[in-house]
Enquirer: 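Okay, handing you the structure first.
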Amino acid sequence: MSKIFLLDSNVFITPYRLYYPFDFAPGYWQQLEASLQLDNVKVPDVVFKEVSRMEDELSVWIKNLSSFKPLPTKASSVLANYRKVLSYVQNCGLYKDEALRNWAQKDIADPWLIAVAMELKAIIITEEVSVGSGLSTKNPSKNAKLPDVANYFGVKCERLFYFMREMNFKL
């Protein structure tokens, strides 16, 4: 069985803003577009909405992709996983109420990514990094980080270059 990759918003935003602008690295965007046509590469609808509402060249690019369909997140099994994720952030003792308020906003993709990844047994591709051993119930964090919460649920997170290697990107 092939790996399923679930792409976070920052997999689009970070390369666009920092190191692969369209005019400098069109090959990156062509390969990413080709990857988005594959059955094992998914972009949840909440990620698509986040990227497409930015009103820049990136938002135009993603809205104009041919044959691209964002993955709906409203399946009952995904909603049940979403509730589990938010319950964990609320009750684990590692996070302040502020973290839950942030993650519970309807347009925040992180809990949805974990919920979908749980359902699909997918690897989340993100540029967000774990706090690591810095999490403590003695000093709860006001920011939940995607890799830390995903790890609790057994969901693997990898960085963009991992995905590019797995997909055989050539720059």
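Hydrogens, waters and symmetry mates are skipped; everything else that's a heavy atom, side chains included, is used. It should be emphasised that the depicted structure is a prediction, and the values quoted were computed from it without experimental measurement.
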Enquirer: Treat each ILVMFWY residue as a node, draw an edge where side-chain heavy atoms are under 4.5 Å apart, and state whether V129 and Y19 are in one component.
Expert: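 Cluster IDs for V129 and Y19 differ.
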Enquirer: So which of V47, T73, V46 actually passes side chain to side chain contact (heavy atoms under 4.5 Å, CB included) with V116?
Expert: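 Going through V47, T73, V46 one by one, the side chain to side chain contact (heavy atoms under 4.5 Å, CB included) with V116 is satisfied by T73 alone.
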Enquirer: Can you check whether L71 reaches D45 side chain to side chain, under 4.5 Å on heavy atoms?
Expert: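 They are not in contact (no side-chain heavy atoms under 4.5 Å apart), so the answer is no.
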Enquirer: Is a donor from one side chain sitting under 3.5 angstrom from an acceptor on the other, for S87 and N91?
Expert: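 Short answer, yes.
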Enquirer: Could you grab the distance from atom CZ of R101 to atom NZ of K142, nearest 0.5 Å is fine?
Expert: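 So the CZ of R101 and the NZ of K142 are separated by 11.0 Å.
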Enquirer: May I ask whether V89 and L79 are part of the same hydrophobic cluster, defined by side-chain heavy atoms of I, L, V, M, F, W, Y residues being less than 4.5 angstrom apart, directly or through others?
Expert: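 Linked, V89 and L79 end up in one cluster.
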Enquirer: Are more than 12 heavy atoms, taken from residues, nucleotides or ligands other than F22, located less than 6.0 Å from that residue's CZ atom?
Expert: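 Yes, CZ of F22 has more than 12 neighbouring heavy atoms, counting only those of other groups under 6.0 Å.
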Enquirer: Less than 4.5 Å apart, any side-chain heavy atom of K145 and any of S130?
Expert: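 Not in contact.
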Enquirer: Give, for atom CG of L120 and atom CG of N40, the distance between the pair rounded to the nearest 0.5 Å.
Expert: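 The CG atom of L120 sits 11.0 Å away from the CG atom of N40.
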Enquirer: Between Q90 and Y95, is the side-chain contact (heavy atoms from CB on, under 4.5 Å) condition met? List the steps.
Expert: CA-CA 7 Å; Q90 180 178 22; Y95 303 105; over 6 Å; no
Enquirer: Hey, could you give me the NZ/CD1 distance between K156 and I125, rounded to the nearest 0.5 Å?
Expert: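 Result: 8.5 Å between the selected atoms.
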Enquirer: Above 12 or not: heavy atoms from other molecules or residues under 6.0 Å from NZ of K106?
Expert: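 Atom NZ in K106 is not crowded, with 12 or fewer foreign heavy atoms closer than 6.0 Å.
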Enquirer: In terms of the angle between their ring planes, are Y88 and Y152 parallel, tilted or perpendicular, with boundaries placed at 30° and 60°?
Expert: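 Correct class here is parallel.
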Enquirer: Look at atom NZ of K69 and say whether more than 12 heavy atoms of other residues, nucleotides or ligands are closer to it than 6.0 Å.
Expert: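 Open: at most 12 neighbouring heavy atoms sit under 6.0 Å from NZ of K69.
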Enquirer: First locate atom CD of Q31, then atom CG of N168, and finally report the distance between them rounded to the nearest 0.5 Å.
Expert: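 Reported to 0.5 Å precision, the distance equals 9.0 Å.
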Enquirer: Looking only at non-hydrogen atoms, find the nearest pair between Y28 and P15 and report the distance.
Expert: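 What the structure gives for the nearest pair is OH-CG, 3.6 Å.
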Enquirer: Side-chain heavy atoms nearer than 4.5 Å, only ILVMFWY residues, links allowed to pass through others: does that put L38 and F48 together?
Expert: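 Yes; tracing contacts between hydrophobic side chains, which count when under 4.5 Å, links both residues.
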Enquirer: Check whether W29 reaches the backbone of Y20 with its side chain - one donor and one acceptor, N or O, closer than 3.5 Å.
Expert: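 Yes: the side chain of W29 pairs with the backbone of Y20.
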Enquirer: Over 60° means perpendicular and under 30° means parallel, so tell me whether F5 and Y162 are parallel, tilted or perpendicular.
Expert: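 Geometry flag for Y162 against F5: perpendicular rings.
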Enquirer: Hydrophobic cluster membership, with links at side-chain heavy-atom distances under 4.5 Å among I/L/V/M/F/W/Y: are F68 and M167 in one?
Expert: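 Yes: a chain of side-chain contacts under 4.5 Å links F68 to M167.
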Enquirer: Using side-chain contact (heavy atoms from CB on, under 4.5 Å), reason through T126 and L113 one step at a time and then give a plain yes or no.
Expert: CA-CA 10 Å; T126 184; L113 282 161; over 6 Å; no
Enquirer: Using a cut-off of 6.0 Å, state whether more than 12 heavy atoms not belonging to D56 lie near its atom CG.
Expert: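 Correct, the count exceeds 12.
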Enquirer: If I take atom NZ from residue K63 and atom OG from residue S52, how far apart are they, to the nearest 0.5 angstrom?
Expert: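 Between K63 NZ and S52 OG, I get 5.5 Å after rounding to 0.5 Å.
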Enquirer: Only one of E128, E166, E127 passes salt bridge (charged side-chain N to carboxylate O under 4.0 Å, His left out) with R159; say which it is.
Expert: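 The single option meeting the salt bridge (charged side-chain N to carboxylate O under 4.0 Å, His left out) with R159 is E127.
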Enquirer: Is any side-chain heavy atom of V85 less than 4.5 Å from a side-chain heavy atom of W112?
Expert: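 Not touching, per the 4.5 Å side-chain cut-off.
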Enquirer: Within a strict 4.5 Å, meaning less than it, do heavy atoms of the V155 and L6 side chains meet?
Expert: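 A side-chain contact under 4.5 Å is absent here.
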Enquirer: For side-chain contact (heavy atoms from CB on, under 4.5 Å), just list the numbers for I114 and N81, CA-CA rounded to whole Å, side-chain angles, deciding distance to a tenth of an Å, and then say yes or no.
Expert: CA-CA 8 Å; I114 296 169; N81 288 342; over 6 Å; no
Enquirer: Considering non-hydrogen atoms only, spot the tightest contact between A104 and Y82 and give its length.
Expert: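 Looks like O-OH, 3.8 Å.
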Enquirer: Would the number of heavy atoms belonging to other residues, nucleotides or ligands and lying under 6.0 Å from CG of D39 be above 12?
Expert: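 At most 12 heavy atoms, drawn from other residues, nucleotides or ligands, come within 6.0 Å of this atom.
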Enquirer: Going by the angle between their ring planes, with limits at 30° and 60°, are F12 and W61 parallel, tilted or perpendicular?
Expert: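 F12 and W61: tilted rings.
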Enquirer: Under 4.5 Å between side-chain heavy atoms, counting indirect links through other Ile/Leu/Val/Met/Phe/Trp/Tyr residues: same cluster for L18 and L160 or not?
Expert: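 In one cluster with L18: L160, yes.
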Enquirer: Please check if atom CZ in R165 has more than 12 non-hydrogen atoms from other residues, nucleotides or ligands closer than 6.0 Å.
Expert: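 Counting neighbours around CZ of R165, 12 or fewer heavy atoms of other residues, nucleotides or ligands fall under 6.0 Å, so no.
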Enquirer: Quick check: do N143 and V131 have side-chain heavy atoms less than 4.5 Å from each other?
Expert: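 Side-chain contact under 4.5 Å: no.
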Enquirer: Which atom names give the shortest non-hydrogen contact between P147 and C157, and what distance separates them?
Expert: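 So the minimum-distance heavy-atom pair works out to CA-SG, 3.8 Å.
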Enquirer: Is it true that, when you exclude E55 itself, more than 12 heavy atoms of the residues, nucleotides or ligands shown sit nearer than 6.0 Å to its CD?
Expert: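 Open: at most 12 neighbouring heavy atoms sit under 6.0 Å from CD of E55.
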Enquirer: Stepwise, does the side-chain contact (heavy atoms from CB on, under 4.5 Å) test hold for L32 with F169?
Expert: CA-CA 8 Å; L32 184 57; F169 276 39; 4.3 Å; yes
Enquirer: Might you point out which heavy atoms bring P111 and L86 nearest each other, and give the distance in Å?
Expert: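 So the minimum-distance heavy-atom pair works out to CB-CD2, 4.1 Å.
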Enquirer: How many angstroms lie between CG in L94 and CG in N139, if you round to the nearest 0.5 Å?
Expert: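 Answer rounded to 0.5 Å: 10.5 Å.
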Enquirer: Taking all non-hydrogen atoms of both residues into account, name the closest pair between A99 and A144 and its distance.
Expert: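 In terms of heavy atoms, the two residues are closest at CB-N, 3.9 Å.
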Enquirer: I'd like to check E33 versus S66 (side-chain heavy atoms, cut-off strictly below 4.5 Å). Are they in contact?
Expert: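 Counting from C-beta outward, E33 and S66 do come under 4.5 Å.
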Enquirer: Are L135 and S141 packed together at the side-chain level, in the sense that at least one heavy-atom pair is separated by less than 4.5 angstrom?
Expert: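 Answer yes - side chains close enough.
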Enquirer: I need the minimum non-hydrogen distance between S35 and V41, along with the two atoms involved.
Expert: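 Shortest heavy-atom contact: O-CB, 3.3 Å.
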Enquirer: Within the 3.5 Å criterion, strictly below it, is a donor on S9 or E50 matched to an acceptor on the partner's side chain?
Expert: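 Result is yes, a qualifying pair exists.
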